[in-house]
Amino acid sequence: MNATDSKERSESDLVAARRAKLKRWTEELGIDPWGSRVDDLTPLADARSMFLESAADAMDAEEPPNEDPRPRATVAGRVIQHRAMGKLTFMVLRDDSGDLQVSCSKADLETASFKLASKVDYGDIVVASGPVGRTKRGEICVWADQFEVHCKSLAPPPEKFHGLTDAEQRYRRRYVDMYTNPETMETFRRRSQIVSEIRRFMERHGYVEVETPMMQPVAGGAAARPFGTHHNALDIDLFLRIAPELYLKRLLVGGMRKVFEVNRNFRNEGVSRQHNPEFTMMEAYQAFGDCETVIELAESLIRELAGGVLPYGDLEIDYTQAFDRISYGDLFERTHGCNMSDESAVRTVAAKKHVEDAATRNHWLLVEALFDEAEDRIDPTRPTWVTDFPAAISPLTRPRSDAPDIAWRAELFIAGMEIGNFYTELNDPDIQRARFTEQLDGINDEEAAFRSLDSDFLDALCVGMPPAGGFGIGIDRIVMLLTNHTSIRDVILFPLLRPEGGEQ
RNA sequence: GAUCGCGUAGCUCAGUCGGUAGAGCAACCGCCUUUUAAGCGGUAGGUCCUGGGUUCGAGCCCCAGCGUGAUCACCA
């Protein structure tokens, strides 16, 4: 709070200067610095492409034509560079299409407009009209014959060359990051495209997009800590969903054949370079499909999105070939030198690796704990399917009929990240009930506060869910891979940060 | 949650051995019709994250706290 005081005090000179300028404009020039509607605006990139070399040449000739042949445009943007040179002022505007110089000659503008143009600040939003031409140095620009300020920026701007570089400031003041760092704008534009392409892909394959509850009385579908909340009028506790799975499956029961949902999940876990408490996931289910059906679908989706070999940090990831495959058990054995089904061998390895409660903990939970090390053996440059997960750690997955300890489940790994899970869905209500009950047995009090049996879901399975394949993929992580960002915070517009100021 | 790093002007950063605060950009003033991160010249701008401690003296050393980044853990 002291920090805030001092910030306000030391900023005051810069803010005061801008406020004083604002006052002068309104009082002396009679200008409304907060702007108004402008029709027929041309995006800056489009205005640039309107440039006609022949027209510019004609204007530079000994005897320029009477009629100005240069195309005209009205452009708007935020001032990101400004150079006032006496009777000539140059500025560079930026909008979401790009940058373009606006050149202002005192001879072409009304006195008040020229004065305004020569005095605008970095960060102001302006509108200029005029022919698209070029300067003596060959820079394509709009030669303004009309110039207006449409929004005064009062905040002190960041340094104009480096922009905001401090990661914290970039996340906290994303709106500044966006206009000063074009890469940021590009990343989020790309994210939008990717999500849109995913939707089109799914629709093309006959999937219907749905929206299921984000506030759920029972938070199921994944093993994660949920956020809790409360509905006052009904006086009930609710959880923010950790997965949409159990609702999407209800839709299969209801008769939808192919459904998907792209939306947020919320998990009350730690934050890291790969984890934000709210993250976007796509889940999809296909009646009469299985694990293989959705593996094939997702592989072609990801290959289509990536379209080739993409850099990721220090890696080059090849999406063009069929993704690698290895079974969970093989990877385990390759890493730890024992069969994962061999309980005593697993306990021995676990004890040697100092896994907690190696002697008493459930055998398959030990296998899961040891598997982390195995994940590191996967070639990060090769998208890889890890198949045949242990049934014991896959409570919503159908066990294999030929090997009941193994589930029809695969997980996709790329660049060392878990990208998604793929299943042949469990639709036997009795086995499902048993799995849920097993899971609830022996949980501690803390977990008991948010884990409970979703009996309505079991009722739905009793009504009958067709056999199905289903999957979920992390959209943020896909965007990270496709835009070459190794921190999830760079692909989420407003990642969760602690509020500034401490104390509270 | 653990370990390590970082926090100095609005922004980007220097700051030597502990000797009392520096630059560039931005701001302000003046000049200027061809600049393109930076036209030229001048002026001003600081709770060195916060609180303690050591010391004649702390931006610098020590302790605690806050924020943040990286790695690990939990998870996707």
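Below, chains carry the letters A, B, ... as their sequence lines are ordered, and counting in each starts from 1.
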Inset, instruction - Would you mind listing every side chain to side chain donor-acceptor pair (under 3.5 Å) that reaches into residues 42-55 of chain A, with sequence neighbours excluded? - result: Glu53(A)-Arg134(A)
Legend entry - Closest to side chain of Thr135(A), choosing from G39(B), A76(B), U36(B): U36(B)
Inset, instruction - Would you mind telling me which of U12(B), U36(B), A76(B) lies closest to the side-chain atoms of Gln81(A)? - result: U36(B)
Inset, instruction - Select base, sugar-phosphate, or nothing to describe what Glu139(A) touches, counting heavy atoms under 4.0 Å on all strands. - result: base
Inset, instruction - Compare side-chain N and O positions of Lys136(A) against OP1 and OP2 of U34(B) and report whether any pair is under 4.0 Å apart. - result: no
Legend entry - Side-chain N,O (Arg498(A)) to OP1/OP2 (U68(B)) below 4.0 Å: yes
Just the table, please: protein N/O against nucleotides 70-74 of chain B N/O, every pair under 3.5 Å.
unit_1	atom_1	unit_2	atom_2	d
U71(B)	OP1	Arg273(A)	NE	3.1
U71(B)	OP1	Arg273(A)	NH1	3.1
U71(B)	OP1	Arg273(A)	NH2	2.9
U71(B)	OP2	Arg273(A)	NE	2.8
C74(B)	OP2	Asp372(A)	OD2	3.4
C74(B)	O2'	Glu269(A)	OE1	3.4

Legend entry - Non-neighbouring partners of Arg325(A) that pass salt bridge (charged side-chain N to carboxylate O under 4.0 Å, His left out), sequence neighbours left out: Glu292(A)
Inset, instruction - List in numerical order all residues of residues 95-114 of chain A for which some heavy atom is under 4.0 Å away from an atom belonging to RNA chain B. - result: Gln101(A), Ser105(A), Ala107(A)
Between side-chain atoms of residues 481-489 of chain A and protein atoms elsewhere (two or more places apart, or another chain), which donor-acceptor pairs fall under 3.5 Å?
unit_1	atom_1	unit_2	atom_2	d
Thr483(A)	OG1	Val479(A)	O	2.7
Thr483(A)	OG1	His485(A)	ND1	3.0
Asn484(A)	OD1	Gly313(A)	N	2.7
His485(A)	ND1	Thr483(A)	O	3.3
Ser487(A)	OG	Arg489(A)	N	3.3

Inset, instruction - Could you go through the side-chain hydrogen bond (donor to acceptor under 3.5 Å, both in side chains) check for Glu283(A) and Tyr285(A) one step at a time? - result: CA-CA 7 Å; Glu283(A) 281 201 15; Tyr285(A) 293 83; 2.7 Å; yes
Inset, instruction - For this output row, return yes or no: ring centroids of Phe450(A) and Phe239(A) closer than 6.0 angstrom. - result: no
Give each protein N/O atom lying under 3.5 Å from an N/O atom of nucleotides 24-28 of chain B, with the pair distance.
unit_1	atom_1	unit_2	atom_2	d
A26(B)	OP1	Lys160(A)	NZ	2.8
C28(B)	OP1	Lys21(A)	NZ	3.4

